[in-house]
2 protein chains.
Amino acid sequence: MPTIKEVAKAAQVSVATVSRVLNQDKNVSPQTRQKVLEVVRQVGYTPNMLGRNLRRKNTERILVLIPSLSNQFLSGVIRGVESAAKQKELQVMISAAHNDREAEQGYLEMLYNRSVDGIILVGSTLDQEELSQLAGQYPLVMCSEWVEGANVSAVGIDNEQAAFDAVNALLASGRKKIAMVSNEEVYSARLRTQGYRRALEQAGLPHKREYEVEHYEYTYRAGMRACRMLMALPEPPDAIFAVSDELAAGVCKALIEQGIIPGREVDVFGFDNTTMSKVVTPSISTVSQPRKRIGGTALELLWERMEHPEEKPRLVLLPHELVLRDSSQHR
Amino acid sequence: MPTIKEVAKAAQVSVATVSRVLNQDKNVSPQTRQKVLEVVRQVGYTPNMLGRNLRRKNTERILVLIPSLSNQFLSGVIRGVESAAKQKELQVMISAAHNDREAEQGYLEMLYNRSVDGIILVGSTLDQEELSQLAGQYPLVMCSEWVEGANVSAVGIDNEQAAFDAVNALLASGRKKIAMVSNEEVYSARLRTQGYRRALEQAGLPHKREYEVEHYEYTYRAGMRACRMLMALPEPPDAIFAVSDELAAGVCKALIEQGIIPGREVDVFGFDNTTMSKVVTPSISTVSQPRKRIGGTALELLWERMEHPEEKPRLVLLPHELVLRDSSQHR
DNA sequence: ATAGGAACTGTAATCGATTACATGGAGGTG
DNA sequence: CACCTCCATGTAATCGATTACAGTTCCTAT
């Protein structure tokens with residue numbers, strides 16, 4: 001791998017001139033430019049980014065740090081990030097923190113040690129204090145999942161309202177005994193539980209404690225377990241709202257195992273509009289988030305932080321939509 | 001963000017000494033070490049990786065380049081890469097190339113320009129020539145999906161044999177009209193088609209051209225389309241083998257739409273043992289690959305290339321397993 | 001007592017680029 | 001012709017670390 005020095009020698013110019021050619025500096029005569037480019041092509045020179053980055057003090061690279069890779073919804077968000085990043089000529093890298101605090105901190109350190117120019121963080125194991133402090137010093141924004149009270153730019157949907165809407169859809173088709181499968185560890189899920197409660201309250205329905213089932217994983221197994229618990233109650237629910245499609249798919253599977261067809265005796269509602277909600281039979285009603293727009297906005301917010309670090313962080317809420325399918329009655 | 005120079009001044013030592021302390025060089029007296037560490041903690045110093053990387057000529061960072069993020073199977077593979085990388089103290093970054101040649105080349109350039117120390121490539125749009133050349137110069141290995149004839153280390157399963165086994169399982173339960181949904185653009189799928197044909201041949205069955213359906217996507221929609229085509233044939237198949245679970249799920253969905261229950265009149269077999277194959281009803285028989293082991297081995301192969309670039313690339317095939325579920329008859 | 005070596009520390013070169021500043025020549029103007 | 005400007009190019013400083021080499025001190029063995 002040749003260096004700029006070797007190129008300079010071969011082209012019989014100084015390294016400065018080579019650098020100018022490569023960085024489109026106008027102060028180069030057409031002939032020298034030609035000659036340099038010729039040599040560059042001939043020896044197959046590519047600038048060493050380690051040198052460039054050190055001098056420029058940046059990398060033109062950002063990191064998207066997500067909790068887990070096997071998340072269809074997030075892959076849509078990342079598509080949004082990628083296409084917005086392309087506009088700004090930023091390279092996008094992804095890493096998974098797996099809800100491991102140490103791993104997360106290891107990746108966040110890339111801000112300190114300048115390995116990346118900024119980070120888009122999806123969820124976090126850090127607290128509001130730590131996040132606010134970090135975001136105050138470095139370009140850091142949150143996306144889809146954020147932390148209550150943290151002074152960090154963020155983008156997502158209005159989770160409380162979305163859950164409220166979903167539950168109202170169930171109420172509208174006559175359901176009265178609506179259960180919820182949630183996860184109090186995640187802020188977005190807590191908000192959804194609040195929306196669920198508000199909808200019940202507004203409809204004048206009591207909200208029974210035993211209708212709120214907790215699970216710390218968004219897996220279909222957890223959904224199955226939750227469903228079995230709910231259906232074993234003295235007064236089983238006639239609708240189940242889960243905070244993710246995979247949970248909802250598990251709920252449906254457990255119902256089917258018991259001979260109950262989702263959408264008939266019991267309605268099921270999911271969240272995120274993933275492929276799974278479309279593929280399973282019956283298909284699952286769900287809340288759709290504008291994934292690509294969320295990702296694109298996250299990048300814009302990050303850019304804002306990079307260009308104007310002094311400005312205040314802001315929260316952007318984008319509109320959600322209900323997608324009604326066979327797992328819930330409707331007309 | 002303080003630099004090593006400022007730390008040195010504050011600790012009243014030279015930058016060399018600070019560097020020695022930070023890099024566990026034994027030639028430092030306990031007192032100075034103490035003092036330096038004190039200052040480091042106090043000012044919150046973190047070494048700037050851009051400087052370190054330039055000097056050391058490496059980044060201790062590798063890239064896993066995959067075609068798409070929304071792939072449950074690959075996320076397991078990456079878990080395997082991550083845990084093996086942890087042992088070697090390498091940081092793992094992931095990027096998606098989306099089958100876009102330009103995007104792929106942009107990421108591969110990170111080898112040339114030293115942004116990463118090595119790349120694990122899952123599939124590629126490059127040809128054997130280009131890949132061989134690249135892998136000859138830089139640490140590059142392929143994983144799960146590789147390219148015929150490329151002189152590159154790779155790890156995966158024996159796709160031909162796996163398909164052979166899957167089709168034999170269908171034959172064993174009495175199926176005779178077995179169709180296949182494949183993708184001739186992908187080498188692993190071509191191998192699977194070969195295994196399918198070999199199984200039919202060995203069973204003395206003709207392989208009908210119209211039973212081999214092509215699709216260039218691994219989506220459930222493509223699976224549905226393929227299934228509708230197959231079932232519209234004058235002599236529809238009594239079993240359908242798809243090269244991915246998502247395709248298989250689409251096949252099942254289309255069957256159900258026609259009132260046919262997978263596993264009764266028509267068997268369905270998928271590939272990869274993803275969550276989806278378990279969640280859908282009926283659950284789908286599939287081929288399971290040792291994902292984490294594949295990922296771990298990919299990292300070991302990459303490490304081999306990094307440490308001993310002169311040694312010949314090698315191909316590692318790991319064992320697969322059939323997972324029989326409700327979508328296929330069996331006893 | 002002195003040579004030799006070990007232990008500790010500092011000076012300065014180095015990695016590969018970018019870029020501020022200096023320089024020299026061409027061309028224009030009064 | 002003298003002077004100024006502008007363009008093209010080169011020289012050298014710089015980014016922030018690591019590390020080869022050199023120097024100093026002090027201990028030990030003869």
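Everything numeric in this text was worked out from a predicted model, so none of it was measured. Reckoned from all heavy atoms, side chains included, excluding hydrogens, waters and symmetry mates.
- With Leu302(A) as reference, Ile120(A) is the one residue of Val81(A), Asp117(A), Ile120(A) to meet the side-chain contact (heavy atoms from CB on, under 4.5 Å) rule.
- Contacts with DNA chain D (heavy atom under 4.0 Å) in residues 28-48 of chain A: Val28(A), Ser29(A), Thr32(A), listed by number.
- With respect to Glu130(A) and Arg101(A), a salt bridge is recorded, a charged nitrogen being found less than 4.0 Å from a carboxylate O.
- Sparse packing is recorded around NZ of Lys5(B), with 12 or fewer heavy atoms of other residues, nucleotides or ligands lying under 6.0 Å away.
- In DNA chain D, runs of at least 3 consecutive Watson-Crick or G-U pairs, each pair with both distances below 3.5 Å, span C:1-30 with D:1-30.
- Across the protein-nucleic acid pair, Arg20(B) atom CZ and dA7(C) atom C1' stand 11 Å apart, rounded to whole Å.
- When the shell of 6.0 Å around NZ of Lys9(B) is examined, it contains 12 or fewer heavy atoms from other residues, nucleotides or ligands.
- For the atom pair OG of Ser115(A) and CG of Asn53(B), the computed distance is 6.5 Å after rounding to the nearest 0.5 Å.
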Practice problem: Please report the C-alpha distance between Val43(B) and Glu6(B) in whole Å, then the side-chain angles of each, then the deciding distance to 0.1 Å, and finally whether the side-chain contact (heavy atoms from CB on, under 4.5 Å) criterion is met. | Solution: CA-CA 9 Å; Val43(B) 303; Glu6(B) 306 176 56; over 6 Å; no

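- Contact annotation for Arg114(B): no contact, since no heavy-atom pair falls under 4.0 Å across all strands.
- Around the CD atom of Glu307(A), the shell of radius 6.0 Å holds more than 12 heavy atoms that belong to other residues, nucleotides or ligands.
- Heavy atoms of Ser19(B) sit under 4.0 angstrom from at least one base atom.
- Looking at heavy-atom distances under 4.0 Å, Leu54(A) makes contact with a base.
- Of the inter-residue distances, the one linking Thr46(A) atom OG1 with Met1(A) atom CE reads 11.0 Å to the nearest 0.5 angstrom.
- Here Asn53(B) lies out of heavy-atom contact (under 4.0 Å) with every strand.
- Salt-bridge annotation for Glu89(A) and Lys86(A): absent, with no side-chain N of the basic residue lying under 4.0 Å from a carboxylate O of the acidic one.
- Using a cutoff of 4.0 Å between basic side-chain nitrogens and carboxylate oxygens, Glu300(B) and Arg293(B) are not scored as salt-bridged.
- Each of Met49(A) and Val13(B) was assigned the nucleotide of DNA chain C with the nearest heavy atom; the assignment lying further toward the 5' end belongs to Val13(B).
- Residues Asn183(B) and Tyr218(B) come closest through the heavy atom pair ND2-CE2, 3.7 Å.
- Nucleotides of DNA chain D with any atom under 4.0 Å from a heavy atom of chain A span, from 5' to 3', dA8(D) to dG16(D).
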